[in-house]
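Note that the structure is predicted; figures quoted are calculated from it, not measured.
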Amino acid sequence: MNDLPQAPAPRALLEAALYMQDLDAAEAFYGDLLGLRVFQRVKGRHVFFDLGSAVLLVFNPEATENASKTGRIPVPPHGARGSGHVCFAMPRDEIDAMRSRLLAAGVEVDSEFDWPNGARSLYVRDPGGNSVEFAEPWLWDELKAEAK
């Protein structure tokens, strides 16, 4: 690989994608329950949520396994089957507030614990079976620093 041209490494994640067939349930969970703002929806295909500097894309896998029919934007077919994972960064007090909200809405907690470095994580499942984590933003700092 030493003979390849140099290029900078990516510095941030711009988007994350999850897949579920019931986009109404996705919008109810991520939009209504978690409070994320929907900024685009195409019936039967996708719903996109605003996370500030990043976006959460929720696709119906059956629709995205086929090429886009518009042809004006050459996005290749893509998709996944089975459970995915997304982790939202939140301070501990906000994770606690979210836990209370989720429980009040009938969402079961899969797991919650403090990592060995003290960072808190809370795990639940969205209506499509995806693992949704809420964790303190410094969760990986120590491990990344050790690897330098």
Side-chain angles (χ1 to χ4, degrees), residues 7-145 147:
R11 289 181 178 74
L13 187 65
L14 181 61
E15 61 189 40
L18 294 175
Y19 297 86
M20 53 193 292
Q21 291 180 340
D22 189 342
L23 298 177
D24 291 333
E27 188 167 348
F29 183 83
Y30 291 101
D32 299 338
L33 184 57
L34 299 191
L36 301 181
R37 184 181 71 84
V38 174
F39 70 90
Q40 187 178 76
R41 180 174 178 135
V42 173
K43 184 176 172 73
R45 186 176 193 285
H46 67 253
V47 59
F48 295 167
F49 300 91
D50 183 358
L51 283 159
S53 63
V55 296
L56 175 64
L57 312 172
V58 180
F59 291 105
N60 177 339
E62 292 177 4
T64 59
E65 287 174 345
N66 302 308
S68 173
K69 292 185 177 27
T70 66
R72 68 182 181 90
I73 301 174
V75 176
H78 61 286
R81 298 286 180 173
S83 299
H85 173 73
V86 66
C87 180
F88 298 106
M90 300 177 84
R92 184 177 290 254
D93 61 329
E94 292 180 13
I95 293 171
D96 292 342
M98 182 59 73
R99 179 187 188 279
S100 295
R101 181 174 174 82
L102 291 165
L103 290 173
V107 176
E108 292 183 28
V109 171
D110 271 358
S111 183
E112 58 184 315
F113 56 90
D114 290 341
W115 292 91
N117 68 357
R120 185 80 174 154
S121 278
L122 169 71
Y123 291 83
V124 299
R125 296 275 168 181
D126 73 11
N130 295 296
S131 175
V132 179
E133 180 183 4
F134 304 89
E136 291 183 279
W138 51 272
L139 172 64
W140 294 104
D141 291 354
E142 185 178 314
L143 192 58
K144 291 190 303 185

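Heavy-atom minimum distance, Glu142 versus Asn117: OE1-CB, 3.6 Å. Scanning both residues, Arg11 and Pro8, for their nearest heavy atoms gives NH1-CB, 4.1 Å. What you find for Leu18 and Asp126 is that their closest heavy atoms are CD1-OD2, 4.1 Å. When all heavy atoms of Leu14 and Ser53 are compared, the closest pair comes out as CD1-O, 4.0 Å. When every heavy atom of Ser83 is checked against every heavy atom of Gly129, the shortest pair comes out as OG-O, 3.0 Å. Here the closest non-hydrogen pair linking Ile95 and Met90 is CD1-O, 3.4 Å.
Taken to the nearest 0.5 Å, the CD atom of Glu94 stands 13.5 Å off from the CZ atom of Phe88. Rounded to the nearest 0.5 Å, atoms CG (Asn60) and NZ (Lys43) are 11.5 Å apart. Met98 contributes atom CE, which lies 5.0 Å from atom CG of Leu34 (distance to the nearest 0.5 angstrom). Trp115 CH2 to Trp138 CH2: the interatomic distance, rounded to the nearest 0.5 Å, is 12.0 Å. A distance of 9.0 Å separates CZ of Arg45 from CD of Gln40, quoted to the nearest 0.5 Å.
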I would like to know whether Val47 and Tyr30 meet side-chain contact (heavy atoms from CB on, under 4.5 Å); could you show each step before the answer?
CA-CA 10 Å; Val47 59; Tyr30 291 101; over 6 Å; no

task = In sequence, state the C-alpha distance, the side-chain angles, and the governing distance for Thr64 and His46, and then conclude on side-chain contact (heavy atoms from CB on, under 4.5 Å).
result = CA-CA 9 Å; Thr64 59; His46 67 253; 5.7 Å; no

Step by step, would you call His85 with Tyr123 a side-chain contact (heavy atoms from CB on, under 4.5 Å)?
-> CA-CA 10 Å; His85 173 73; Tyr123 291 83; 3.9 Å; yes

Derivation of the side-chain contact (heavy atoms from CB on, under 4.5 Å) call for Val109 and Leu102: CA-CA 8 Å; Val109 171; Leu102 291 165; 5.9 Å; no

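Between Phe48 and Phe59, the distance separating the two ring centers is shorter than 6.0 angstrom.
Counting heavy atoms from C-beta outward, Val38 and Phe49 have side chains that approach closer than 4.5 Å. Side-chain atoms of Phe29 and Asn130, non-hydrogen and from C-beta on, never get closer than 4.5 Å to each other.
When the options Glu133, Glu136, Glu112 are evaluated for a side chain to side chain donor-acceptor pair (under 3.5 Å) with Ser121, the one that passes is Glu133.
Pairs engaging residues 33-42 under the salt bridge (Lys or Arg N to Asp or Glu O under 4.0 Å) rule: Asp24-Arg41, Glu27-Arg41, Arg37-Asp50 [sequence neighbours left out].
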